[in-house]
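Letters go in sequence order (proteins before strands), and every chain restarts at 1.
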Protein chains: 2
Amino acid sequence: MDPIFELQLRRPAKGSRAAADCLFRQLRDAIAEGRLAPGAQLPPTRRSQAVFGVSRNTCASVYDKLLGAGYLTSRHGSGTFVALRRPPEPQPAAPLGEPDARLNPLWLAGGVTAAMGFWQEAPERVQTAPVAADFRPALVDPQHFPHDVFRRVSTQQLRALERKPASLRSPQGNPGNLALRNAITHHIALTRALACRPGDVVATSGAQQGFDLLARVLVRAGETVVAVEDPGYPPLRVPFMAAGATVVPVPVDEEGLVVEALPREARIICVTPSHQFPLGVAMSPARRHALLRHARERGAVIVEDDYDGEFRFDGGPLQALKAADSADLVFYVGTFSKCALPSLRLGFIVAPPWAMQALVAAKNAQDWHCSTPLQVTFAAFIADGHLTRHVRRMRELYGRRRELVRHALLGPLAKWLEPLPSFYGMHTAAVARPGVDVEATARRALDDGVQVHTLGRYHLGPATRTGLIFGYAATAPAQLALGVATLRRALSEG
Amino acid sequence: MDPIFELQLRRPAKGSRAAADCLFRQLRDAIAEGRLAPGAQLPPTRRSQAVFGVSRNTCASVYDKLLGAGYLTSRHGSGTFVALRRPPEPQPAAPLGEPDARLNPLWLAGGVTAAMGFWQEAPERVQTAPVAADFRPALVDPQHFPHDVFRRVSTQQLRALERKPASLRSPQGNPGNLALRNAITHHIALTRALACRPGDVVATSGAQQGFDLLARVLVRAGETVVAVEDPGYPPLRVPFMAAGATVVPVPVDEEGLVVEALPREARIICVTPSHQFPLGVAMSPARRHALLRHARERGAVIVEDDYDGEFRFDGGPLQALKAADSADLVFYVGTFSKCALPSLRLGFIVAPPWAMQALVAAKNAQDWHCSTPLQVTFAAFIADGHLTRHVRRMRELYGRRRELVRHALLGPLAKWLEPLPSFYGMHTAAVARPGVDVEATARRALDDGVQVHTLGRYHLGPATRTGLIFGYAATAPAQLALGVATLRRALSEG
């Protein structure tokens with residue numbers, strides 16, 4: 001396409017002098033700002049009237065002036081071109097530690113950067129060699145997702161959308177949102193035995209937006225204290241920090257969050273009761289009861305992050321904490337990043353009725369609603385039973401990988417590691433026996449292409465115990481076995 | 001599917017008494033919480049060992065106890081069923097004015113509710129009759145969007161995604177983001193003559209998330225003063241209020257924002273220079289120059305909201321304000337809600353390099369990234385030239401509708417209204433001549449099925465002038481003509 005056309009040069013004022021000046025300035029700016037690409041050909045002067053609205057002589061004088069100033073080059077016989085100079089490169093962003101004074105410093109603070117990047121290796125540690133095995137938690141195996149089914153459902157739903165386009169009565173026309181919330185209620189009733197109504201559900205862009213919306217509506221900047229599990233999921237902390245809350249770490253043991261250790265002033269308590277992240281343990285019935293009583297007595301609310309509760313193996317607790325929430329103080333945050341795909345960016349909040357109006361207002365203010373094509377597609381994907389079937393398949397597949405890891409922990413790795421009990425989800429953890437240096441082990445393993453996280457990475461406060469986390473969802477059995485052998489070697493060298 | 005299976009009852013403790021109590025409590029809770037639907041059939045006692053892990057006698061005793069307590073009903077010969085009682089209905093949300101003390105009161109404040117709902121009629125005013133004509137601004141005509149092309153591109157891209165699934169090295173695997181940012185740079189170079197690099201772009205869930213991210217990274221709660229155009233786009237104000245900024249209205253005249261009226265302490269200045277929302281005027285070159293100088297001298301930044309600049313008609317300024325941003329202090333917020341579809345929820349920010357790291361951190365903390373299937377689909381939709389073709393088609397179509405409205409304003413409606421100059425976009429505005437009651441006119445028009453907004457709806461401070469806004473994008477010519485006739489009648493009655 002002719003760039004000149006898209007440059008939409010303003011018609012020059014009348015009078016050849018004014019016209020020449022006007023055209024000269026516009027072409028010069030366009031070249032300086034890179035809107036006219038280096039090497040681009042300019043229209044021949046004989047077309048100047050049509051293209052620029054100036055006479056051929058005026059155009060020729062402007063070209064001469066630009067040639068003289070070095071903006072253009074002329075190749076004899078072939079025409080006039082933009083000189084091969086490039087617009088200036090952007091300056092690098094301000095390095096960490098010295099944020100621009102115009103920015104809220106929070107976003108460049110080391111703690112925030114580390115929390116959001118918890119899943120990455122430090123740049124200097126990143127392996128260029130192919131990864132032999134990846135034990136990082138919170139990874140899914142996308143190979144087994146029914147991409148073809150999703151694509152078929154998507155095509156059907158886009159066709160259906162076309163037949164009933166977004167209502168003109170709303171500039172944010174949001175068909176599909178109710179269908180998705182409906183489908184979500186069925187999904188959690190089946191997989192989590194959790195009863196709720198579509199009116200209790202807010203669809204979000206993944207659990208992360210769920211945390212952010214809850215921070216928005218529940219936190220009063222400078223006042224609210226938020227208790228988080230330690231160790232815990234680092235990115236959960238950031239939205240609460242950004243909302244101006246004080247985030248306090250609370251220890252976790254084999255029974256889950258240590259309720260007695262909760263600060264009296266905590267008004268928001270964030271927990272992963274089904275499958276503690278990253279320890280993998282389930283919160284004991286006694287602790288659940290104590291937590292609900294504590295929240296009720298202190299007027300606190302609970303944020304239940306149930307990120308992989310769909311993957312339930314033998315035993316384990318019956319219910320989500322939300323299912324026992326008789327006092328309407330639990331916010332249940334779910335995600336489709338684990339039971340479907342993280343790249344979809346879909347999740348939800350099941351909220352008490354008293355908070356729904358504020359949550360919807362906060363969601364609208366943030367991005368109005370999730371993308372309609374995605375909402376209608378995933379609603380149908382759930383309603384047609386595809387998600388349930390996928391979860392069942394993955395429950396078996398992840399179950400087999402889990403057994404492989406647990407056997408390794410009870411066998412070849414038992415000398416160095418003591419596994420923690422785990423009945424749900426996509427990872428399990430093991431505590432280091434006395435004298436084992438897990439940090440050195442993880443570094444050695446990474447040098448051999450095996451990524452494994454230590455518990456230290458997940459602590460906000462001082463680490464109370466050391467250990468390793470074994471995410472088994474994203475790695476095929478052969479690679480898991482290879483990873484175990486590599487880890488055994490790394491441990492034995494410690 | 002058998003609900004009992006999905007209830008995953010915990011295996012009762014040994015000993016028939018304990019087993020009976022355990023089973024009784026779980027079934028009772030499941031029924032009370034609605035996880036066992038009213039009318040659902042329970043397994044026959046002969047299957048109790050297989051389903052519940054208890055003896056037939058124990059199961060029978062539990063059923064009897066539940067029957068006695070009214071949780072179950074028994075139909076002779078046909079089995080045992082959950083009694084037809086429903087879980088309690090959720091309580092209504094707290095009414096406006098008395099927010100729950102656990103909530104940040106901002107989200108229930110009248111100002112926020114009004115700002116986010118600016119495009120709606122008050123509930124008691126909502127028309128149930130079909131809308132004869134809709135002059136509200138910021139609406140698009142989805143009928144003309146190439147849904148079939150979008151669907152084809154989507155299917156192709158989902159297939160391509162399947163072949164290279166999200167990298168396992170990132171739990172937020174985000175392929176397609178760079179492709180989308182690349183495509184965005186081409187789109188704005190073509191339609192807005194704005195030169196930037198993919199590294200300058202953050203893809204967002206529409207312009208609204210762009211405003212929210214900018215509020216997050218640029219506002220210091222309790223300190224920052226933000227200047228907004230008055231009248232202006234109400235939902236822009238809310239993210240800045242939520243971030244703890246003081247939002248100050250600044251008057252707008254026929255040349256755009258009155259730069260001299262900017263408060264000295266304003267550190268963020270939000271403007272719509274190409275097509276003021278809602279007046280429709282373009283910011284004059286003198287004002288643009290004065291605004292950039294003011295921001296430079298005061299150390300302020302500018303948020304340029306260019307929501308419909310793709311639709312450029314004769315005359316008008318050549319450039320986006322960002323194109324003249326030599327001092328790197330303009331944040332350009334773009335959206336695909338107007339030039340494509342609002343239901344996609346896609347937009348972007350072109351940001352100065354010094355702010356990019358913080359913006360990406362804030363985006364990650366909010367929802368990591370936009371949905372990958374959507375990103376890859378829209379990137380290809382742009383790269384294949386479909387968006388440019390659509391914009392050109394709509395430029396002509398909207399241009400014709402615009403002419404129809406402008407002729408009406410210069411003809412049949414001229415007695416009551418004086419049109420404001422407008423060269424861009426999807427709406428234009430007209431000021432009321434002395435003695436014309438536009439509020440009464442709008443009410444009368446709505447009673448006749450014609451939706452038209454008054455300027456008053458868009459004011460944060462006191463309204464300086466009265467008038468009507470004419471969005472012409474979403475309404476077909478015949479309906480526009482009908483709407484004009486209805487308005488003429490409504491005006492003549494005033």
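- Ranked by heavy-atom pairs under 4.5 Å with chain A, the first of G385(B), G347(B), A215(B), A362(B) is A362(B).
- A distance-only check finds no donor-acceptor pair linking the side chain of W354(B) to the backbone of A351(B) [under 3.5 Å].
- With a 4.5 Å cut-off on non-hydrogen atoms, R152(B) does not touch chain A at all.
- Proximity to chain A is absent for every atom of R267(B), based on heavy atoms less than 4.5 angstrom apart.
- Chain B forms more heavy-atom pairs under 4.5 Å with one residue of L158(A), L329(A), L194(A), N364(A) than with any other, namely L158(A).
- Looking at S154(B), the atoms closer than 4.5 Å to chain A (heavy atoms on both sides) all sit in the side chain, from C-beta outward.
- Under the 3.5 Å distance criterion, the side-chain polar atoms of Q208(A) are matched with a main-chain donor or acceptor of P235(A).
- Interface summary for chain B: among L374(A), V217(A), L218(A), V360(A), the most heavy-atom pairs under 4.5 angstrom belong to V217(A).
- A donor-acceptor pair under 3.5 Å is absent between the side-chain atoms of Q209(B) and the main chain of T204(B), judged by distance alone.
- Taking the six-membered ring for Trp and thresholds of 30 and 60 degrees, F378(A) and F150(A) have ring planes inclined between 30 and 60 degrees apart.
- Between the CE atom of M116(B) and the CH2 atom of W368(A) there is a distance of 3.5 Å, given to the nearest 0.5 Å.
- A donor-acceptor contact shorter than 3.5 Å links the side chain of S371(B) to the backbone of L344(A).
- Ranked by heavy-atom pairs under 4.5 Å with chain A, the list A365(B), A361(B), A358(B) is led by A365(B).
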